[in-house]
Number of protein chains: 2
Amino acid sequence: MDFATAKRINQLLTTVYGDIVRVEELALRKSQFKDISIKEVHAVDAISMYEHKTTSEVARELRITPGTLTTMVNHLVRKDYVQRIRSDDDRRFVRLGLTRRGRLIYRAHESFHRKMVESFAKDMDDEQLHIIEKALLNLEAFLEFASPTPNK
Amino acid sequence: MDFATAKRINQLLTTVYGDIVRVEELALRKSQFKDISIKEVHAVDAISMYEHKTTSEVARELRITPGTLTTMVNHLVRKDYVQRIRSDDDRRFVRLGLTRRGRLIYRAHESFHRKMVESFAKDMDDEQLHIIEKALLNLEAFLEFASPTPNK
DNA sequence: CTCAAATAGTTTTAACCTCAAAATAATAGC
DNA sequence: GCTATTATTTTGAGGTTAAAACTATTTGAG
């Protein structure tokens, strides 16, 4: 790969995520959901629609500590996006679910991402999509090699 | 594009950046540069080697406010990564430069990214690289459309 | 030339996100 | 029934950020 191309691709890779977050944040401010931050939306996304995962499971998925998620969930409960459901079989567990309002923003967020990926892969055939997925998987493998995840 | 592929690509896109940052942060902790955060390294990167950009220019590039950059630069000066150079022609401007130590970490960071992009594009020919760049540009265009950047 | 407006940067304030460690609550094993 | 373990919450502290007020400097209209 020539130097200039590497530079451009690096630039794109490192810019794109920040741009996604910025656009999402902006869209929230202009929507009916002004009281929720993008991090909180990602928590809503991880909690997801029907699974009722535990606090620890969701925290692991978000790569934050359970303590951090607890305060986040406090806010999200107060703002009526999330509900806590104590497990009946083992009352140490707290299972998390979305309220009606939580499900609304979940779907809005999902729809944004669907549109985003669609436009990302616009005019591409299966083979081209495969190349892109391969590249992203290469990247994941590099990162995994650079710093192995403790798999539990 | 079929649903499952879209899901996988979305997953990869949204995970990858966080993984890059996590790996970089971990590498820093294990290196000789333990006193600098990844955000600060990105500031060093934006300040760059020889240009002596002004505070506002660097802030714009990093998409943070000048006030935020000022406190960041305070830390980086104290830790001997960055130096402030008052402009002589217009003494309102502060130009930013790297110290010896700043240049060291600049090159280390640059090298990490070079390796990263290389492994990202491993075994790909020019045409395949072009497809990937196209996809990333599509994504940028979508984001730009979703929320136009105020170009000044 | 002088002073008001504009410009660049800094300081202050407050919010949010985060983690580590201690505290609390519940369960499991002996 | 204790003791250890597990899941969550609370507490305390630090990092990142933006907004607004403020300082220093320059520009330009009169």
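Just so we're on the same page: letters track the sequence lines, and every chain starts at 1.
Summary of the strand contacts: A:D89 and A:I38 both lie near DNA chain C, and taking for each the nucleotide with the nearest heavy atom, the more 5' one is attributed to A:I38. With the nearest nucleotide of DNA chain D identified for both A:D90 and B:D88, A:D90 has the one nearer the 5' end.
Look at A:R114 and A:E110 and you find no salt bridge, because none of the NZ, NE, NH1 or NH2 atoms lies under 4.0 Å from a carboxylate O. Of the charged side-chain nitrogens involved, at least one lies within less than 4.0 Å of a carboxylate oxygen, so that B:E61 and B:K53 count as a salt-bridged pair.
Counting non-hydrogen atoms of other residues, nucleotides and ligands closer than 6.0 Å to CZ of A:R100 gives a total of 12 or fewer. In this structure, B:D126 places its CG atom where only 12 or fewer heavy-atom neighbours from other residues, nucleotides or ligands lie under 6.0 Å away.
Under 3.5 Å, the side chains of B:T71 and B:N74 contain no donor-acceptor pair of N or O atoms. Inspection of the B:E24 and B:H113 side chains reveals an N or O donor paired with an N or O acceptor under 3.5 Å.
Between the P atom of D:dG15 and the NZ atom of B:K79 lies a distance of 8 Å, rounded to the nearest Å. Between the CZ atom of A:R29 and the P atom of D:dA18 there is a distance of 13 Å, rounded to whole Å. In this entry the distance linking NZ of B:K39 with P of D:dA18 reads 9 Å, nearest Å. A straight line from NZ of A:K53 to P of D:dT8 spans 14 Å, rounded to a whole angstrom. Here C:dG9 presents its P atom at 16 Å from CE of B:M72, a figure rounded to the nearest Å. Between A:E25 atom CD and D:dA18 atom P the separation is 11 Å, expressed in whole Å. Atoms CG (A:N74) and C1' (C:dT18) sit 15 Å apart, rounded to a whole Å. Distance A:H75 NE2 to C:dC17 P: 8 Å, rounded to the nearest Å.
The side chain of A:R84 lies closest to D:dT9 when the candidates are C:dG9, C:dC17, D:dT9. For B:V94, whose side chain is taken as the heavy atoms from C-beta onward, the closest listed nucleotide among C:dT10, D:dA18, C:dA8 is C:dT10. In this structure, of D:dT17, C:dT10, C:dA8, it is D:dT17 that holds the atom nearest to the side chain of B:T68. Listed nucleotides C:dG9, C:dT11, C:dC19 differ in distance to B:T71; the shortest reach to its side chain belongs to C:dT11. The side chain of A:T54 sits closest to D:dT8 out of D:dT8, D:dT17, C:dG9. Checked against C:dT18, D:dT9, C:dT10, the side chain of A:T70 finds its nearest nucleotide in D:dT9.
One can find a donor-acceptor pair under 3.5 Å joining the base of D:dT6 and the side-chain atoms of A:R92.
Within 4.0 Å of A:S56, counting heavy atoms only, lie sugar-phosphate atoms of the nucleic acid but no base atom. Within 4.0 Å of A:R95, counting heavy atoms only, lies no atom of the nucleic acid at all. Residue B:T65 is classed as a base contact, given a heavy-atom separation below 4.0 Å to a base.
Between A:S37 and C:dC17 there is a side-chain polar atom (N or O) within less than 4.0 angstrom of OP1 or OP2. For the OP1/OP2 pair of D:dT25 and a distance below 4.0 Å, the side-chain nitrogens and oxygens of B:R86 include no atom meeting the criterion.
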